[in-house]
Amino acid sequence: MAEQAPDKITPRAEDYSRWYLDVIRQAGLAEPAEVVKGCMVIKPHGYAIWEKIQRALDDRFKETGHQNAYFPLLIPESFIKREAEHVEGFSPELAVVTIAGGQKLEEPYVIRPTSETIIGHFFGRWIQSWRDLPMLINQWANVMRWELRTRMFLRTGEFLWQEGHTAHATHAEAVEEVKRMLDIYAEFAEGHMAMPVVRGVKTDSEKFAGALQSFCIEAMMQDNKALQAGTSHDLGQNFGKAFDVKFQNKAGLTEYVWQTSWGVSTRLIGALIMTHSDDNGLVLPPKLAPVSVAIVPIFGKGGDEAAVREAGAAIEKELKAQGLSVVFDVRDHKPGFKYFEWEQKGVPLRLEIGPKDLEKNQVAAKDRLGTAKEFWPRANLGAHVKEHLDRFQTQLFDRAKERRAANTVKIDSWSDFKDVFAGDNSKFVLAHWDGSRETEAKIKEETKVTIRCIPFDSPDEPGKCVHSGKPSPRRVLFSKSY
RNA sequence: CGGGGCGUAGCGCAGUCUGGUAGCGCACACGGUUCGGGACCGUGGAGUCGGAGGUUCAAAUCCUCUCGCCCCGACCA
């Protein structure tokens, strides 16, 4: 293990995993719970990011007609077993409650790993007629999946998420919903997180346990590995049949409903870290930064401290009037200390106000990507800052998109394929696949590479499978993944 | 769950081999001087050495068990 100075961040090039953990620690996002296996404590700065994510997504869910509700944490074990693929997919990760109130339970409860089953049960009670459809429900909740190997934010025993659950009269309408919500996720990822994503459909072996098909957004992390950032499932009538969710159509005939589910989790915070942050710590897009501007006062000797305080407070007020979240950092520390701290926390923009600035009627400014300080006139500062942050948001997105483009390649031979993924290397590889589960499994076994998705924008292009040489109608997206 | 590494003050670590009254740096508190990229001096507080059991006159150190973290592997809707 490398020697590490206290409170410093391991450079990415030296040890990417360690860097990731260092960033989380130094930014105060979270820490391992230690006393609870595989779980973490989300600290205020990390939770504040989650709240921003929640707010933005929740607004979009409401705009598209969904309502929030809440279902029990505990699910009768028999519910999970009712859908064959579902139980097979989830049973290895279940935590089960067998004793409660000092009594052994007649039927154990599982702690929800996801809520399709219990919501299916209630949908069955709530839905009778086509007039009850579509049923558009979302739940913000915690779930538990007993994972063998955990990583903060990316995979923990317990995590926070939202799960949308909807029921529709027709398959076409359900599919439309699945796509609509995937688009919302994609727009959120790109517009708010400044993280470009590939939209696509999962292969059969990668889809949700119990779904007809799963759509996803896949993002590229800085080590060129893929991260599934959101999924949206077409559940068909599988859960409708398992939980007897039926309705009478307009013709008076009884049919099973067509259901969907879709979710994103606190994993998005991990995605945010691994998309933008650098060796100096967290980098956050302004739209999700709990603090978007930090104002650092300089109280030099010979300077008028009261005047600096007054000017800083005035700037704080002006920026807040622009709807920005601002901190005027008057703590008793040296300015340099504050610079480092706000950088590690990912604050997009830092302003400095000192005696020299008062004289010149200006502020010093440095954004989280910038290398040199700039000096901005004090007049119209609010509007200028806002404009700068908008540009910063765009810059982050462009930068991430360029990085992805530079690391996305088309590959047509198996030896090239293996070269790209040699060692711990990864890229986004667009290559032909013969469509068989067997070939997919062999590729994974030989290289640890999986098919992340069949991108929606993958054009028809007949070719030969990169592994088997059999015919393929189009390229699919391969990558190592988290 | 398999292989490896590691748990000693808030953080990072030394001390463990060879048992003998628990240390260092940073952080923290107070006072003063400071303040445009991690301030300095002085004083001070803080640890049941991850936990349980055992060996011993004596255990951070030796033995057994156990919990957790990190890395690799397996697994991952």
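Note on naming: letters A, B, ... go to the chains in the order of the sequence lines (proteins, then strands), and numbering restarts at 1 for each one. Keep in mind the model is a prediction, meaning the values are calculated, not measured. Excluded from the calculations below are hydrogen atoms, water molecules and symmetry mates; all remaining heavy atoms, backbone and side chain alike, are included.
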Peer 1: For atom C1', what is the distance between B/G12 and B/C49, given to the nearest Å?
Peer 2: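 So the two C1' atoms sit 16 Å from each other.
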Peer 1: Can you check the distance between B/U61 and B/U55, where both ends of the measurement are the C1' atom (answer in whole Å)?
Peer 2: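 One C1' to the other, the span is 13 Å.
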Peer 1: Just to verify, what does A/H86 make a ring-ring contact (aromatic ring centres under 6.0 Å, His included) with, not counting sequence neighbours?
Peer 2: A/F90, A/F208, A/F239
Peer 1: Please report the distance, rounded to the nearest Å, between CD in A/E147 and C1' in B/C1.
Peer 2: 13 Å
Peer 1: Indicate whether any N or O donor in one side chain lies under 3.5 Å from an N or O acceptor in the other, for A/D367 and A/H388.
Peer 2: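 Short answer, yes.
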Peer 1: Go ahead and name the base partner of B/C30; Watson-Crick or wobble counts if both distances stay under 3.5 Å, otherwise write none.
Peer 2: B/G42
Peer 1: Expressed in whole Å, how much space separates the C1' atoms belonging to B/C13 and B/G7?
Peer 2: 12 Å
Peer 1: Could you measure between the two C1' atoms, the one in B/G4 and the one in B/C76, and give it in whole Å?
Peer 2: 22 Å
Peer 1: Partner lookup for B/C6, please. Criteria are Watson-Crick or G-U wobble with both distances under 3.5 angstrom; report none if nothing qualifies.
Peer 2: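 The base-pairing partner of B/C6, which may sit in any strand shown, is B/G68.
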Peer 1: Now, which nucleotide makes the Watson-Crick or G-U wobble pair with B/G47, with each of the two distances under 3.5 Å?
Peer 2: none
Peer 1: Quick one: the side chain of A/E343 and the base of B/G38, do they pair up donor-acceptor inside 3.5 Å?
Peer 2: no
Peer 1: Which of these nucleotides, B/C76, B/G38, B/C70, is closest to any side-chain atom of A/T150?
Peer 2: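 Of all the options, the side chain of A/T150 is nearest to B/C70.
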Peer 1: Calculate the interatomic distance between A/Y482 atom OH and B/C72 atom P; express it in whole Å.
Peer 2: 9 Å
Peer 1: Indicate, with yes or no, if the rings of A/W262 and A/H66 have centres closer together than 6.0 Å.
Peer 2: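 Yes, the ring of A/W262 comes within the 6.0 Å limit of the ring of A/H66, centre to centre.
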Peer 1: For B/G53, what is the paired nucleotide under Watson-Crick or G-U wobble rules, both distances under 3.5 Å?
Peer 2: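 Because both required distances fall under 3.5 Å, B/G53 counts as paired with B/C63.
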Peer 1: Base, sugar-phosphate alone, or nothing: which one does A/A211 contact when heavy atoms must sit under 4.0 Å apart?
Peer 2: nothing
Peer 1: Once you apply the 3.5 Å cut-off to both distances, tell me the Watson-Crick or G-U wobble partner of B/A58, or none.
Peer 2: none
Peer 1: Using a heavy-atom cut-off of under 4.0 Å over every strand shown, decide if A/P355 touches base, sugar-phosphate, or nothing.
Peer 2: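 Base, at least one base atom sits under 4.0 Å.
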Peer 1: Under 3.5 Å, is there a donor on one side chain and an acceptor on the other for A/Q162 and A/N138?
Peer 2: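 The criterion, which ignores hydrogens and geometry beyond distance, is satisfied for A/N138 and A/Q162.
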Peer 1: Atom CZ of A/F90 to atom C1' of B/C75: distance rounded to whole Å?
Peer 2: 14 Å
Peer 1: Establish, from distance only, whether the side-chain atoms of A/T150 and A/T156 form a donor-acceptor pair under 3.5 Å.
Peer 2: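 Per modelled atom types, A/T150 and A/T156 side chains form no pair under 3.5 Å.
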Peer 1: Of all the choices, B/C35, B/G37, B/C76, which nucleotide is nearest to the side chain of A/R350 once you look at every atom?
Peer 2: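 When the side chain of A/R350 is considered, B/G37 is the closest of B/C35, B/G37, B/C76.
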Peer 1: Is a side-chain donor-acceptor pair under 3.5 Å present for A/H467 with A/D434?
Peer 2: no
Peer 1: B/G2 P sits how many Å from A/R149 CZ, rounded?
Peer 2: 15 Å
Peer 1: Looking for any heavy atom pair under 4.0 Å, which part of the strands does A/G263 touch: base, sugar-phosphate only, or nothing?
Peer 2: nothing
Peer 1: I need the CG-C1' distance between A/L94 and B/C76, as an integer number of Å.
Peer 2: 14 Å
Peer 1: In whole Å, measure the gap between the P atoms of B/G54 and B/A60 for me.
Peer 2: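 Here B/G54 and B/A60 have their P atoms 15 Å from each other.
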Peer 1: Under the 6.0 Å and 45° cation-pi test, does A/R82 pair with A/F79?
Peer 2: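 A/R82 over A/F79 ring: yes.
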Peer 1: Could you work out which one of B/C71, B/G38, B/C35 sits closest to the side chain of A/E305?
Peer 2: B/C35
Peer 1: Verify the contact: side-chain N or O of A/K334 to OP1 or OP2 of B/G36, cut-off strictly under 4.0 Å; return yes or no.
Peer 2: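 Yes, because at least one side-chain N or O of A/K334 sits under 4.0 Å from OP1 or OP2 of B/G36.
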Peer 1: If we take the P atom in both B/A59 and B/C17, what is their distance in whole Å?
Peer 2: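 Their P atoms lie roughly 14 Å apart.
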Peer 1: If you check the A/K448 side chain, which of B/G36, B/C13, B/G73 turns out closest?
Peer 2: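 The closest nucleotide is B/G73.
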Peer 1: Could you say whether A/P297 or A/R155 is positioned toward the 5' end of RNA chain B, judged by the nucleotide with the nearest heavy atom to each?
Peer 2: A/P297
Peer 1: The side chain of A/P32 lies closest to which of these nucleotides: B/U34, B/G38, B/C69?
Peer 2: B/C69
Peer 1: Between B/G37 atom P and A/I353 atom CD1, what is the distance in whole Å?
Peer 2: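 Atom-to-atom, A/I353 to B/G37, this comes out as 16 Å.
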Peer 1: Measure from the side chain of A/L148, starting at C-beta and using heavy atoms only, and say which of B/G38, B/C75, B/G36 lies closest.
Peer 2: B/C75
Peer 1: Using purine N1 to pyrimidine N3 plus N6-O4 or O6-N4 for Watson-Crick, or N1-O2 and O6-N3 for G-U wobble, both under 3.5 Å, which nucleotide pairs with B/G23?
Peer 2: B/C13
Peer 1: May I have the distance from A/E341 (atom CD) to B/C11 (atom P), rounded to whole angstrom?
Peer 2: 17 Å
Peer 1: Atom CD of A/Q26 and atom C1' of B/G10: how far apart are they, to the nearest Å?
Peer 2: 12 Å
Peer 1: Applying a 3.5 Å limit to both distances, which nucleotide forms a Watson-Crick or G-U wobble pair with B/A74?
Peer 2: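 Paired with no nucleotide.
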Peer 1: Who does B/C35 pair with, Watson-Crick or G-U, both distances under 3.5 Å?
Peer 2: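 Its partner: none found.
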Peer 1: Going by 5.5 Å between centroids and 30° between planes, is there a stack of A/F340 over B/G38?
Peer 2: yes
Peer 1: Taking B/A52 as the reference, what is the distance to B/C67 when you measure between their P atoms (whole Å, please)?
Peer 2: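 Their P atoms lie roughly 15 Å apart.
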Peer 1: Choosing from B/C76, B/C35, B/G36, which nucleotide comes nearest the side chain of A/K444?
Peer 2: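 Output: B/C76.
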Peer 1: Answer yes or no: side-chain N or O of A/K366 and base N or O of B/G37 forming a donor-acceptor pair under 3.5 Å.
Peer 2: yes
Peer 1: Does a side-chain N-to-carboxylate-O contact under 4.0 Å join A/E218 and A/R199?
Peer 2: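 Judged by the 4.0 Å cut-off on N to carboxylate O distance, A/E218 and A/R199 do not form a salt bridge.
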Peer 1: How far does the P atom of B/C63 sit from the matching atom of B/C6, given to the nearest Å?
Peer 2: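 Comparing P positions in B/C63 and B/C6 gives a spacing of 14 Å.
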